[in-house]
Amino acid sequence: MDDVVSLCARRGFIWQSSEIYGGINGFWDYGPLGVELKNNLKALWWRRVVREREDVEGLDSSIIAHPRTWEASGHVEHFSDPLVDCRACKKRMRADQLDDAGPCPARQGSSEHDWTPARHFNLMLKTFVGAQEDQAATAFLRAETCQSIFLDFKRVRESARQRIPFGIAQIGKAFRNEINPRNFTFRSREFEQGELEFFVHPGERERWFAHWLEQRLAFHRELGFGDDVLRVRPHRPDELAHYAKAAADLEFLFPFGWQEIEGVHDRGEWDLARHSEFSGKDLSVTDEETKERYRPMVIETSVGIDRTCLALLCNGYAEEALEDGETRIVLRLPPALAPVQAAVLPLSKKLAEPARALAATLRRRLAVFYDEAGNIGRRYRRQDEVGTPFCVTYDFDSEADGKVTVRERDSMAQERVPVEGLLSHLRDRLEGGL
Ligand code: GAP
C-alpha cells in the first residue's frame, strides 16, 4: 500500500488536500494523472449504465437538497456511528474499530486507553444557506447521491416519457464526517459515488436485483479484476435494512484486506414511500395496460468512484524483475482508462520537430504525452510507472520509411508501424484492450 501511495503522490495521481498547510484528514486532491484516470472511469460507467441503455436516464442534481429530504430518508435520525474518546490521550475512535487504536501514549504503567461510553455521532456535514446562521437555515451536504433521484423521480419519468421498469443514474460528490478516515482514499470525508436507482414493479424485484448484480459484476471484470481480487458478498439477513429484501456487496481484495467497493441493494418502496409521506406528493404510477396503481420498488447499485480508482491502482501496481537485473515498476491499468494513452518519444532531440507534429496529430483523438528528456530506456520506465499502454518512438529511420516503433507496456514487445494509419492502429488496440 505504501508503494501505491508514494507512486500516487510522486507521479501526480493523488495526494492529501491542503498539503502546504499540513493536510486535512479525509480529503484528497487528484492531480493531472489522477483526474484523467477518474474521468475515464466515470465516462465508462456512464456509457455502460446510462448511454448504452434505453431504460436508464441521467441526472445531475444539486449537492444541497431541501433539509426535509434527510429527515425523510432517515439520515437525520439514524445516520450515525458510535463514538468514544480516550479520557487520557483524547484519541477519538469509532467504538467498533477499537482494535486499530494502538496503545495509549498518555497512560504510564498501562498502555490501555480509558474510553468514555459510546455515544452517537451523526455523519452528515452541515452548512447554512442564506445570511442567517440558525436552525432554520441549516442544510446538509448530501451523504449519498441517490436521494435527489427519488425527489426527481416523477419529473424525470414524465419528461423522458419512461415507463416502469426504468432507472435514473448520477455521478457526484457525497460527504460523510467519518470519525476515522483511513486507508488512503478508501474511507474519505468527501468522495464520489456512481448511483443507479432502478424502479420496478413489486412483482419483479428479484429478477431485476439479479440482473443488476450480474451487470455490475461484469463491469468490474471489465476493469481487469479477476476472481482472485473480486467477490460478491451477499448480506446476511441480520445485516439487511428492515425495508430491504436483498443486498450484496462487491468486494475487492485491497492490500489491507477484502473491502466493499460497490453495493447492490433492493431498497423496496422505502424511499418513494417516505418522500411521498414527507412531501405530501403522490409518487405512485399507473400501469397503462392493466390500470394498476402502485408504488415502484427500487433496485440500487452504488459504486464508490474513488474506491474503484484505488482498486485499479492497487490491482495494476507491479514491480517486475527484468533480464538485465533491473526492476521496473509498471502500472497495468486497463488501456482505455490509462491517463496517458500514448507517449511520443523522439530518439534524439534533433527529431523533435517531426515527433512533436506526430504528437499533435495523435492528440486530437488520444491522451498523448510528449517527452524528449533523458535516455530512451528511462523514458520508457517513466511511462510504465504511470500505466501508459503505448510508447511511440520516432527514430532516424522514421523520416525515410514513414514508420515508428510502437512499444507495448505489459509485454514490452516492439513493432514497426506506418505513421499513416498509426492513430487507428492505436485506437483499435486501446478499445480491444479494455
Ligand atoms: N446509496 C447507498 C449508499 O450510499 P453506501 O454503502 O453507504 O451506500 C456506497 O455507499 C458506496 O460508496 C460504497 O460501496 C463505497 O464504495 C462508497 N463509499 C461509502 N462511504 C465512503 C467513504 N467514506 N469514502 C469513500 N467511499 C465511500
Side-chain angles (χ1 to χ4, degrees), residues 14 16-17 25-28 30 38 41-42 45 49 59 61 63 65 69-70 72-75 78-81 94 97 121-125 140-151 167-198 209 212-213 216-217 219-220 223 225 230-235 239-241 243-244 246-252 254 256 258-268 270-272 274-275 298-314:
I14 307 169
Q16 199 172 24
S17 167
N25 202 5
F27 297 89
W28 301 94
Y30 285 71
K38 197 182 199 191
L41 175 65
K42 290 193 282 187
W45 186 90
V49 177
L59 180 72
S61 70
I63 285 177
T69 306
W70 305 103
S73 69
H75 282 76
H78 298 298
F79 195 56
S80 55
D81 277 340
R94 250 171 73 168
Q97 292 175 350
F121 172 76
N122 194 292
L123 298 185
M124 277 199 298
L125 278 141
F140 301 100
L141 304 190
R142 65 186 173 197
E144 55 181 9
T145 60
C146 62
Q147 290 303 324
S148 293
I149 293 181
F150 304 125
L151 308 189
I168 305 174
Q170 77 166 326
I171 294 177
K173 292 265 187 175
F175 301 82
R176 297 183 189 176
N177 202 0
E178 299 282 356
I179 297 168
N180 286 123
R182 57 184 179 162
N183 289 328
F184 198 25
T185 57
F186 180 82
R187 190 174 304 288
S188 313
R189 288 177 166 143
E190 174 178 335
F191 55 95
E192 264 181 291
Q193 295 181 314
E195 295 200 298
L196 163 74
E197 308 301 317
F198 199 79
F209 179 83
W212 280 109
L213 185 56
R216 298 308 302 147
L217 200 53
F219 181 87
H220 291 287
L223 300 183
F225 303 156
L230 181 69
R231 72 180 185 194
V232 178
R233 192 185 70 79
H235 283 203
E239 280 180 280
L240 291 177
Y243 51 81
D249 290 343
L250 298 181
E251 294 186 335
F252 178 82
F254 287 97
F256 44 87
W258 286 100
Q259 294 286 348
E260 171 188 344
I261 50 175
E262 173 151 7
V264 180
H265 293 212
D266 174 344
R267 295 175 72 115
W270 165 258
D271 303 278
L272 290 186
R274 292 281 289 189
H275 287 301
V298 171
I299 306 299
E300 173 185 78
T301 74
S302 176
V303 69
I305 300 294
D306 308 84
R307 284 190 187 178
T308 309
C309 278
L310 185 58
L312 282 164
L313 291 162
C314 293

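Both ligands and their constituent atoms are indexed starting at 1 by order of listing. Keep in mind that this is a model prediction, so the values were computed, not measured.
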Of the listed options E300, E262, E260, R142, closest to atom 6 (O) of ligand 1 (non-hydrogen atoms): E260

Polar contacts were defined as any N/O atom of the residue lying under 3.5 Å from an N/O atom of the ligand; does this apply to S188 and ligand 1? yes

Nearest-contact summary for atom 15 (C) of ligand 1 - protein heavy atom, Å: R307 NH1, 3.4 Å

Apply ring pair (Phe, Tyr, Trp, His ring centres under 6.0 Å) to F150 and list each qualifying residue two or more places apart in sequence or on a separate chain. none

Any side-chain donor paired with an acceptor under 3.5 Å for T69 and Q147? no

Just heavy atoms, cut-off under 4.0 Å: does I261 contact ligand 1 by side chain, backbone, both, or neither? backbone

Part of R176 with heavy atoms under 4.0 Å of ligand 1, whether side chain, backbone, both or neither: side chain

List ligand 1 atoms under 4.0 Å from C146, heavy atoms only on the residue side. 1 (N)

How close does the nearest protein non-hydrogen atom get to atom 3 (C) of ligand 1, and which residue and atom is it? E144 OE1, 3.5 Å

Got the closest protein heavy atom to atom 1 (N) of ligand 1, with its distance? E195 OE2, 2.5 Å

for atom 10 (O) of ligand 1, nearest protein heavy atom and its distance come out as Q193 NE2, 3.4 Å

Heavy-atom contacts with E178 under 4.0 Å: which atoms of ligand 1 show up? List them by number with element. 23 (N)

Rounded to the nearest 0.5 Å, the CD atom of Q16 sits from the OG1 atom of T185 at a distance of 12.0 Å

Would you say F191 has any N or O atom under 3.5 Å from an N or O of ligand 1, going by distance alone? no

How far does CZ of F252 sit from CG of L223, to the nearest 0.5 angstrom? 10.0 Å

Can you confirm whether or not the ring centre of F184 sits under 6.0 Å from the ring centre of F186? no

How far is atom 8 (O) of ligand 1 from its nearest protein heavy atom, and which residue and atom name does that atom have? S302 OG, 4.1 Å

Looking at CD of E195 and OG1 of T301, how far apart are the two atoms once the value is rounded to the nearest 0.5 Å? 8.0 Å

Identity and separation of the nearest protein heavy atom to atom 25 (C) of ligand 1: F186 O, 3.1 Å

Between E144 and R267, is there a side-chain N and carboxylate O pair less than 4.0 Å apart? yes

Geometric N/O contact G304 with ligand 1, under 3.5 angstrom: yes

Nearest 0.5 Å please: distance from the CZ atom of R94 over to the CZ atom of F121. 11.5 Å

Side-chain heavy-atom pair Q193, R142 within 4.5 angstrom cut-off: no

Heavy-atom distances under 4.0 Å are what count here, so tell me which part of R267 touches ligand 1: side chain, backbone, both or neither. side chain

Between D306 (side chain only) and E192 (backbone N and O only), is there a donor and an acceptor less than 3.5 Å apart? yes

